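Whatever order the structure lists ligands and atoms in, that order sets their numbers, starting from 1. Computed from a predicted model, the values in this text were never measured in an experiment.
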Amino acid sequence: MPEQKFYLTTPIYYVNARPHIGHAYSTIAVDVIARRHRLLGDDTFFLTGTDEHGQKVERSAAAAGIPPLQFADEVSASFRALWDRMGITYDDYIRTTEPRHISAVQKLFQLLLDRDKIYLSSYTGQYSIGEEMFVDGPPGTIGPDGKPTETVTEENYFFRLSEYQLPLIDLIESDDPEKRLLIQPESSRNEVLSFLRGNVAEATERGEVLEVSASGKAYVPGALKDLSISRTSFKWGIPVPGNEKHVIYVWLDALANYMTAIGYGSDDPALQEKFNRYWPADLHLVGKEITRFHCVYWPAFLLAAEIPTPKSVVANGWLLFDDSKMSKSKGNVVRTETILDAFGTEVYKKQFPDSTKKEQDLFGADVLRYFLLREIPFGADGSFSFDAMITRYNADLANGYGNLVSRTLGLIVQNFSSGEIGGSPSGIARVPPLTKGNDTLAFIYSIDLRAHADTLVGLYQTENEYAFGSKLQRISDFIQKVDVFMTEQKPWKLATYLKTSSATTYPDAARQKEFEDNLRNDIVRLECILYTAAQSIRIITALLYPVLPFSTARVWAQLGLGDIEEAALNGELKNLEWGGLKPGTKLGPLAPIFPRADKGLAQIMIDMENPNAPKPEQPTPSRFVDETTTHTAPVPTDPTHPGAPPRTSGFADVAPGTTVAGSLAISTERTGTPSHSEAPASGIFANSAAHSNIPDTPQIAIDDFVKIDLRVAQIVVAERIPKADKLLRLEVDLGYEKRQILSGIAEWYAPEELIGKKIVVIANLAPRKMRGLESHGMLLAASHGEDGKPVLATFGEEIALGSRLK
Ligand code: MSP
């Protein structure tokens, strides 16, 4: 058994709602991490399951007219069936109604009682039914679920949470990686810590005495109150041992699943051993709204029970529709099944009519996995749209990765009858690929793919494990590099030349020999180009495997490398060395990997989601429009109406040259008049060398330049704007005032990486409205690379806010 274990979990899903892609998002992320840890050789254990107790479930079952357990059985099975359809590699599936869980939760409760960490008392308060928690406020307060609370008086068992304020702060702030609870992203960590510290500012104002934690930061002692952990107002829960009119608070019940599933509380020695092996969990991946439960209550229960606390909690953001979190209660959900069915049948089955349903499902799951992880910076919220999914699929997978694979492997098969990569008698092994020359032959490529591959692998390995989006973007960039390499080298031209001229003979023997030598060199060169591209594809495929397990398995087999799951298990996938693809490897049978998806697929998915919705008169790619377009048919606005608009946003992209602050000002288009007349010809607007733009803007006098008020500002708030894929809403501090600026940099910068950056702002630009929001000012950025990526102008030295650039 490997030395290192890795135990990771999804949240367990409530059974009061059928699964939607919001749930799939958390599960997909955990599956990707689990696959990566397995290929790294870790003894990985991946747990998921369902959370089945509580008043919500009791009420949903009553509404459905069936007993709660039957209700839970059905919904739990639908979650499990979906994960199976998607090829999710969970190792165990826990249900909180299972006897193994119930008895272990009662043991944990008893242990806490025995240690006097739980006591019986009475409590009257405002109870949020939706969130199953008491909240502060007068009767009728609107609870966290958006509904009025109910006044509830209960005799309750209370957990002595107040004892754990400082221990929890210290646990989270500890420098010792062995002891601390790591919370990511930083915003979630800060949120938890400020909850634990209490309102320091208010307490200071009231003149209260503060205390200081080990990190030297102040906290309000007593800010953490004891927690009610039993209920008598409903029955559907785990009875408190010895006092069965109480059921155990659903969060204590639910959180304990992470231990009960791996054997906590069992008398079976094999299960005890399992618990000792895997506990504490290495990662609880959770939605951002439940970090408090995982980072405050859960570790506090464990500290009280003297059980080791989990090593990390990582929070994912929300999938949004129409500006709000996708959820059953809002009626704005998209079902994962729609995506599996649509991509499975309309794209995969069309290309492969004989494929099995399983293959079609796994293909659809790959598309969803890739889209969600590539599109949404992990930890942030992101809008889902069918149009965006199709566009991303076609760009990155069909035209990018898939096309590169087909093109490269197709050329190998067409030109080397053995179907071997670099395996001709001339022996590619003799030719160090992509070096700056060798003894006999010197092939110098302007694009050094090997160096690029090494950089990619290095960054991939050092970057935060959960930065899925930027990792996938790097891989996409590398795919483009390989594409450019192929286009530059034109192996197909060389191949045609070799085919058409190999029969040529010269009467002169010396000339004939020279010709044959050149021909041999050209064959080796052709092999070398294709081997280089194939080598890159191997690395790309190994890196993409956790995200695209089905499709990379097909590429791996086409590369002649066999079964990718075996490769993952035997450590081959972690070998990302250049040269991992051995010369002479014989390709497997070839077939398309990512058939193109038709834009009309969006409408198909929309119709699948809204079978009763009125159809537009004209088929349109999407019936979601922004304020610049009109609906073709009247669409109800109530999202719960059966004919309500589809739940996706398909907003038109911000057109180049529209009023997007920042990127507009630095447009590098030089094909006519400068694209922005305010752009001065000074060095402020830098262009990357790749564009090699020679400034051709008209000269201006210094008087013109001084009209532009350039100021140092700090970004204090950065967030996405729902339905505007390219725009970020920023609040900047100019020292003398704070401003809102909208900037078209959302494709390149994640909001969280901007906070705190000191940048340059054109402060005297007249305000204007975009998407109904005022933008006052513009950011300065340089345009970099072929796609004109904006790189914000920042400072290398300390600089006061509001300082003028002149
Ligand atoms: N049962 C609790 C978790 C208990 S864990 C000990 C629960 N269940 S849930 O079904 O409401 O949510 C489960 C997970 O799904 C959460 O992590 C939640 O964030 C995630 N999502 C549900 N809807 C989501 C989106 N719209 N977007 C992203 N994730 C979403 O909470």
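Every ring pair (Phe, Tyr, Trp, His ring centres under 6.0 Å) that F293 has, sequence neighbours left out, goes to W251, Y297.
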Please list every donor-acceptor pair under 3.5 Å in which a side-chain atom of residues 67-77 meets a protein atom from a residue at least two apart or in another chain.
residue : atom : partner : partner atom : Å
D73     : OD1  : R95     : NH1          : 3.1
D73     : OD1  : R95     : NH2          : 2.6
S76     : OG   : T50     : OG1          : 2.8
S76     : OG   : E52     : OE2          : 3.4
S76     : OG   : R95     : NE           : 3.3

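The cationic group of K5 does not satisfy the cation-pi geometry with F45, failing either the under 6.0 Å distance to the six-membered ring centre or the 45° limit from the ring axis.
Looking only at atom types and distance, the side chain of H294 has a donor-acceptor partner in the side chain of Y258 under 3.5 Å away.
Legend: side chain to side chain donor-acceptor pair (under 3.5 Å) pairs involving residues 365-378, not counting sequence neighbours, sorted by first then second residue: D31-R369, D366-S551, Y370-D396, E375-R392.
Surrounding CG of D136 are at most 12 heavy atoms belonging to other residues, nucleotides or ligands under 6.0 Å away.
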Pairs under 3.5 Å, nitrogen or oxygen of ligand 1 with protein nitrogen or oxygen:
residue  : atom   : partner : partner atom : Å
ligand 1 : 1 (N)  : I12     : O            : 2.8
ligand 1 : 1 (N)  : D51     : OD2          : 2.7
ligand 1 : 10 (O) : Y14     : N            : 3.1
ligand 1 : 17 (O) : G287    : N            : 2.7
ligand 1 : 19 (O) : E289    : OE1          : 3.1
ligand 1 : 19 (O) : E289    : OE2          : 2.9
ligand 1 : 26 (N) : L319    : O            : 3.2
ligand 1 : 26 (N) : M326    : N            : 3.4
ligand 1 : 26 (N) : M326    : O            : 2.9
ligand 1 : 27 (N) : L319    : N            : 2.8
ligand 1 : 29 (N) : G22     : O            : 3.2

